[in-house]
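Worksheet: one structure, shown below.
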Amino acid sequence: MRILFVGDVVGRTGRTAITDHLPGMIRDWSLDLVIVNGENSAGGFGITEAIYHELLDAGADAITLGNHAWNQKEALVFIERAPRLIRPLNFPRHSPGRGAALVDTKNGKRALVINAIGRVFMEPSNNDPFAAIERELEACPLREGADAIVVDFHGEATSEKQGMGFFCDGRASLVVGTHTHVPTADHQVLPNGTAYMSDAGMTGDYDSVIGMQKEEPLQRFLTGIPSARFEPASGVATLSGVAVETDDATGLAVKIAPVRAGGRLSPAVPGFWVK
């Protein structure tokens, strides 16, 4: 199976990068499964129902979230009628929506998509992500219950993300980190066959402070005093993510590569799909 995971889409310019690049990637690389993290897609904070459908129309098969899941209050309601919108599994009990979903892939198979959120340097009231993911992996084992399993682990600490990668190794097709908005260079297939990357980066304008216009973050760093709200940067965005190919017999990864297109970052394409 050919899987593309796209990192946090930030604001309008990030959405433009999706519509500009994703349909061509799906066509040219014969992608089977596309997952997009959309938690910053509405003005940098949260997601709306219209944007959810916009991302699906561009080719996403599932959309994951993170700590900004409820910044747009309508998400608390529309997530119940959005079966391919997945919020962190380990949010407090009684949170609306779902933390995992079985989705149909473009090649007629089934993939389990799990979203979880870390606790190190994050909101401590969230439940244990390791226990939550263990329950999902036990309930829907790779190959028995799903042809592929992708875990979006939304967290601040690289150590916690690496721990999750090894925790899932051999039981998931891909564990990929989100949240920091900076792509890491540690993409690899772990010893037992799970593809891993600490952070997929953001799909946004990299002439920014993690996707936001530079002036207000600098003001706060220099003075400690907020003077305005954060606003998404509006320059040309880079689509940033990770590509994985799995073995159909096992569901485990055989190849992984970073993906970058457009904007300021150097381009990167999966050489195993591009001749």
Side-chain angles (χ1 to χ4, degrees), residues 3-8 33 35-37 39-40 62 64-69 86-93 95 98-101 111-143 145-146 148-202 210 240-244 246-247 250-259:
I3 301 170
L4 175 66
F5 183 93
V6 179
D8 309 40
L33 175 65
I35 302 164
V36 175
N37 184 291
E39 74 133 7
N40 301 113
T64 52
L65 297 171
N67 57 302
H68 292 297
I86 306 164
R87 50 82 173 160
L89 177 69
N90 55 317
F91 266 0
R93 189 181 176 194
S95 295
R98 67 210 55 77
L112 177 65
V113 181
I114 304 173
N115 188 196
I117 193 165
R119 294 195 293 185
V120 179
F121 308 129
M122 301 286 283
E123 174 54 58
S125 66
N126 292 315
N127 297 316
D128 179 1
F130 292 88
I133 287 179
E134 178 68 27
R135 289 191 292 271
E136 292 298 324
L137 296 179
E138 287 183 352
C140 186
L142 186 61
R143 292 304 303 150
I149 297 176
V150 176
V151 178
D152 171 354
F153 191 41
H154 197 79
E156 190 73 40
T158 303
S159 57
E160 190 178 23
K161 293 176 179 180
Q162 289 177 336
M164 183 60 74
F166 287 113
F167 181 72
C168 297
D169 189 20
R171 301 190 292 166
S173 310
L174 168 65
V175 174
V176 58
T178 54
H179 179 66
T180 70
H181 293 197
V182 178
T184 57
D186 61 341
H187 53 280
Q188 60 183 296
V189 177
L190 298 177
N192 293 317
T194 293
Y196 173 80
M197 187 175 188
S198 289
D199 205 288
M202 69 172 177
I210 60 170
S240 185
V242 62
V244 172
T246 65
D247 180 346
T250 64
L252 295 171
V254 293
K255 301 171 184 175
I256 182 172
V259 173

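What you see is a predicted model; the values in this text were computed from it and never measured. Numbering starts at 1 and runs along the sequence shown.
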Donor-acceptor check, side chain of [X] to backbone of [Y], threshold 3.5 angstrom: yes or no?
X	Y	value
S198	G177	no
R87	A100	no
E160	G118	no
E156	F121	no
Q188	L190	no
K161	T178	yes
T246	G251	no

Checklist entry - ring pair (Phe, Tyr, Trp, His ring centres under 6.0 Å) with F166: which residues, sequence neighbours excluded? => result none
Item to check | Positive for side-chain hydrogen bond (donor to acceptor under 3.5 Å, both in side chains) with H179, one of N67, D152, N37, N40 | outcome: N67
Checklist entry - Are side-chain heavy atoms of L4 and L33 found at a separation under 4.5 Å? => result no
Checklist entry - Between V189 and Y196, is any pair of side-chain heavy atoms under 4.5 Å apart? => result no
Checklist entry - Who passes salt bridge (Lys or Arg N to Asp or Glu O under 4.0 Å) against R171, sequence neighbours left out? => result E134
Item to check | Any donor-acceptor N or O pair under 3.5 Å, side chains D199, T180 | outcome: yes
